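Bear in mind that the values here come from a model prediction, so they are computed numbers and not experimental data.
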Amino acid sequence: DAFGVGTRINVSADAPYLVIAYKIVRYAGRDVLKLSEGKTTWAGEKQIYRSRGTDGRLAGDLLTLRDEPPPPNGQPLLRTVMEGGRIVEPLPALATIRGRCAEEVAALPDDVRALHHPARYLVRYSDGLMTHQGRLEAAMRAAEITRG
């Protein structure tokens with residue numbers, strides 16, 4: 001089964017923590033979603049591709065269905081780390097993770113990193129993902145009408 005992950009990170013030197021909410025997006029071999037207001041779930045197994053500008057700065061991310069073709073020059077960000085409850089490859093050291101995080105933050109455009117009135121980082125959704133989502137939402141609404 002696949003999970004969608006919503007993440008909020010709050011860190012301070014004396015009390016670091018990470019809050020994660022998992023949302024089921026695939027169950028028993030079929031895509032599922034939530035239609036509650038303010039709780040949108042993007043159904044299906046996905047991949048996210050990160051692109052960079054010619055200056056090496058982050059230019060935006062594209063969320064796609066996992067089996068869609070990659071965009072030109074897009075770096076895939078998601079990979080399998082567990083399968084059947086087992087880690088499939090050695091995990092990086094904490095220092096390596098910290099270094100990668102610092103590099104990615106440093107690569108954000110200056111206006112996104114601004115402390116006051118920061119710009120939004122560009123995240124787009126593929127046509128395939130939006131079409132898939134629309135079909136599932138329509139099917140769920142039709143099923144609700146039939147049951148109601």
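Side-chain atoms of Val112 and Pro118, non-hydrogen and from C-beta on, never get closer than 4.5 Å to each other. Leu108 places a side-chain heavy atom less than 4.5 Å from the side chain of Tyr121.
A chain of hydrophobic side-chain contacts below 4.5 Å, direct or via other Ile, Leu, Val, Met, Phe, Trp or Tyr residues, connects Leu77 to Leu129. With hydrophobic clusters built from ILVMFWY side chains whose heavy atoms lie under 4.5 angstrom apart, Leu91 does not share a cluster with Val88. Residues Val81 and Ile48 are members of separate hydrophobic clusters, defined by side-chain heavy-atom contacts under 4.5 angstrom among Ile, Leu, Val, Met, Phe, Trp and Tyr.
The two atoms that bring Glu83 and Thr80 nearest to each other are OE2-CG2, 3.9 Å, heavy atoms only. When all heavy atoms of Asp31 and Gly44 are compared, the pair lying nearest together is OD1-CA, 3.4 Å. Closest non-hydrogen pair, Arg52 versus Ala107, comes out as NH1-CB, 3.4 Å. Nearest heavy atom pair, residue Leu122 against residue Ala59, reads CD2-O, 3.8 Å.
No side-chain donor from either of Asp111 and His117 sits under 3.5 Å from a side-chain acceptor of the other. Checked by atom type, the side-chain pair Tyr49/Asp61 shows no donor-acceptor distance below 3.5 Å.
The closest donor-acceptor contact from the side chain of Glu68 to the backbone of Leu65 lies under 3.5 Å. With Gln47 contributing its side chain and Leu63 its backbone, the two residues share no donor-acceptor pair below 3.5 Å. One N or O on the side chain of Ser51 and one on the backbone of Gly60 form a donor-acceptor pair closer than 3.5 Å. At least one donor-acceptor pair under 3.5 Å links the side chain of Thr131 to the backbone N or O of Asp127.
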Evaluate the criterion side chain to side chain contact (heavy atoms under 4.5 Å, CB included) for residue pair Asp67 and Glu45; output intermediate values, then yes/no. CA-CA 8 Å; Asp67 59 356; Glu45 296 179 69; over 6 Å; no

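Partner of Glu137 under the side chain to side chain contact (heavy atoms under 4.5 Å, CB included) criterion, chosen from Gln133, Arg135, Met140: Gln133.
Atoms OH and NZ, on Tyr125 and Lys46 in that order, are 10.5 Å from each other to the nearest 0.5 Å. Atoms CD and CG, from Gln75 and Leu58 in turn, are 9.0 Å apart once rounded to the nearest 0.5 Å. Within the model, atoms CG of Asn73 and OG1 of Thr54 stand 11.0 Å from one another, a figure rounded to the nearest 0.5 Å.
Within 6.0 Å of CD in Glu89 there are more than 12 heavy atoms belonging to other residues, nucleotides or ligands. Under a cut-off of 6.0 angstrom, the local environment of CZ in Arg66 is sparse, with at most 12 non-hydrogen atoms contributed by other residues, nucleotides or ligands. Residue Arg100 qualifies as open at atom CZ: its count of foreign heavy atoms under 6.0 Å is 12 or below.
Salt-bridge formation is not detected for the pair Arg98/Glu104: no Lys NZ or Arg NE/NH1/NH2 atom is positioned less than 4.0 Å from an Asp or Glu carboxylate oxygen.
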